[in-house]
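Lettering of chains follows the sequences in order, A, B, ..., and the numbering in each one begins at 1. Just the heavy atoms: all of them, side chains too, but no hydrogens, waters or symmetry mates, feed the values below.
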Protein chains: 2
Amino acid sequence: MILSKTSEYALKILSFMATEDYPQYTAHLLYEKLSIPRRYGSRLMTDLAKSGFIKSHRGRNGGYVFAKKLEDIYLSDIIDSIEGFENFDKCLIGLYQCDLDNPCPLHEIWAETKQKVIDTLSQTSLADLQHTNIEDL
Amino acid sequence: MILSKTSEYALKILSFMATEDYPQYTAHLLYEKLSIPRRYGSRLMTDLAKSGFIKSHRGRNGGYVFAKKLEDIYLSDIIDSIEGFENFDKCLIGLYQCDLDNPCPLHEIWAETKQKVIDTLSQTSLADLQHTNIEDL
DNA sequence: ATAAAATAATACCTCAAGGTAGTATTTTAT
DNA sequence: ATAAAATACTACCTTGAGGTATTATTTTAT
């Protein structure tokens, strides 16, 4: 499962904005290019603005721009704002007490992989992405 | 998010059976030890039997035993039977055409980590788990 | 034989994620 | 001023995952 649909949308939108240079991005443009349901995407944009990743400019000629520097927005921050990043540091089978001293049967085999997932997402910022043509995919 | 609740339950049940030695496991015993909702767990056990991981023995003194050798049941097989393992080999932002030749902006930073997740889950069998006291956690 | 103790099957309930619709508000080109 | 073009807000709908309830079936101890 890995990520919720909404997290996928959020990452898709923000990574598009980070890698394709426009002076400003309208919601309309983003839904078209990224095949995201309009109404749902609209609410998501508002959430992303409230979370402080982007700034909205209302009214005619309005749109969105980043509210922070790209290198200050980590993928884990985005995921955290949508579905909570704690989920990724959980025991694989959901046990609360599971740790190195009191491991579940899967702890050992999962620990290193889990850490790599966490590290990758929390050490990669929007400034670290490839500049590719996402709209064609 | 990583795994669905049901996948967690399935892994919890089968890893318990794999690491705690009983001649046979009743559904009742498993729900008690593992804090899994009875009715829901009951359906899940039937599914796990239909998927060929365990054999059920109906009637008085009935219960479940493994239908295969532990070393022939990989974690990815279990996850696959519940929610599909393809999800784990997807593009992080859900693009269908994303691959090495046509990468999305996140492809490069995610590829190695994704592969480690896949490898860990598809190379670990129930015979490779730690023998720990899962019921206390 | 029969009752007890187990799994199997079927139908239904609940809730949150994802999605839709309509209206209000803001800004600016004209 | 006003209409157009954008975002914001609010309310509702849909669907599938997770969970519950009841009854049927199977097996075995007695």
Partner set under side chain to side chain donor-acceptor pair (under 3.5 Å) for Lys5(A), not counting sequence neighbours: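 Expected list: none.
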Results of side chain to side chain donor-acceptor pair (under 3.5 Å) for Thr6(B) - residues two or more places apart only: Tyr40(B)
Set of ring-ring contact (aromatic ring centres under 6.0 Å, His included) partners for [X], sequence neighbours left out:
{"X": "Tyr31(A)", "value": "none"}
{"X": "Phe85(B)", "value": "Phe88(B)"}
{"X": "Tyr25(B)", "value": "Tyr22(B)"}

Closest heavy-atom pair and its distance - Thr132(B), Glu20(B):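 Of all heavy-atom pairs spanning Thr132(B) and Glu20(B), the closest is O-OE2, 3.1 Å.
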Residue pair Lys12(A) / Leu95(B): nearest heavy atoms and the distance that separates them: CE-CD2, 3.8 Å
Which nucleotides of DNA chain D pair, in dot-bracket form (Watson-Crick or G-U under 3.5 Å, | meaning another strand): ||||||||||||||||||||||||||||||
Boundaries of the DNA chain C segment in contact with chain B, non-hydrogen, under 4.0 Å: dA4(C) to dA11(C)
Residues touching DNA chain C, which here means a heavy atom under 4.0 Å, drawn from residues 10-19 of chain A: none
N/O donor-acceptor pair under 3.5 Å between [X] side chain and [Y] backbone:
{"X": "Gln24(B)", "Y": "Gly62(B)", "answer": "yes"}
{"X": "Thr120(A)", "Y": "Lys116(A)", "answer": "yes"}
{"X": "Ser122(A)", "Y": "Ile118(A)", "answer": "yes"}
{"X": "Gln130(A)", "Y": "Glu108(B)", "answer": "yes"}

Summary of side chain to side chain donor-acceptor pair (under 3.5 Å) pairs that have at least one residue in residues 73-88 of chain B, sequence neighbours excluded: Ser4(B)-Glu83(B), Ser7(B)-Glu83(B)
Qualifying side chain to side chain donor-acceptor pair (under 3.5 Å) pairs, either residue in residues 48-71 of chain A, two or more places apart: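 Every pair satisfying side chain to side chain donor-acceptor pair (under 3.5 Å) with a residue in residues 48-71 of chain A: there are none.
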Protein proximity profile, nucleotides 11-21 of chain D - base contact B, sugar-phosphate-only contact S, no contact -, cut-off 4.0 Å on heavy atoms: B------BBBB
Residue-level proximity of residues 50-70 of chain B to DNA chain D when a heavy atom falls under 4.0 Å: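 When residues 50-70 of chain B is checked for heavy atoms under 4.0 Å from DNA chain D, the hits, listed by number, are His57(B), Arg58(B), Gly59(B), Arg60(B), Asn61(B).
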Residues Ile82(A), Leu44(A); criterion side-chain contact (heavy atoms from CB on, under 4.5 Å); working and verdict: CA-CA 9 Å; Ile82(A) 305 288; Leu44(A) 178 54; 3.7 Å; yes
Candidate pair Leu70(A) and Leu129(A), rule side-chain contact (heavy atoms from CB on, under 4.5 Å), full reasoning: CA-CA 10 Å; Leu70(A) 296 186; Leu129(A) 304 181; over 6 Å; no
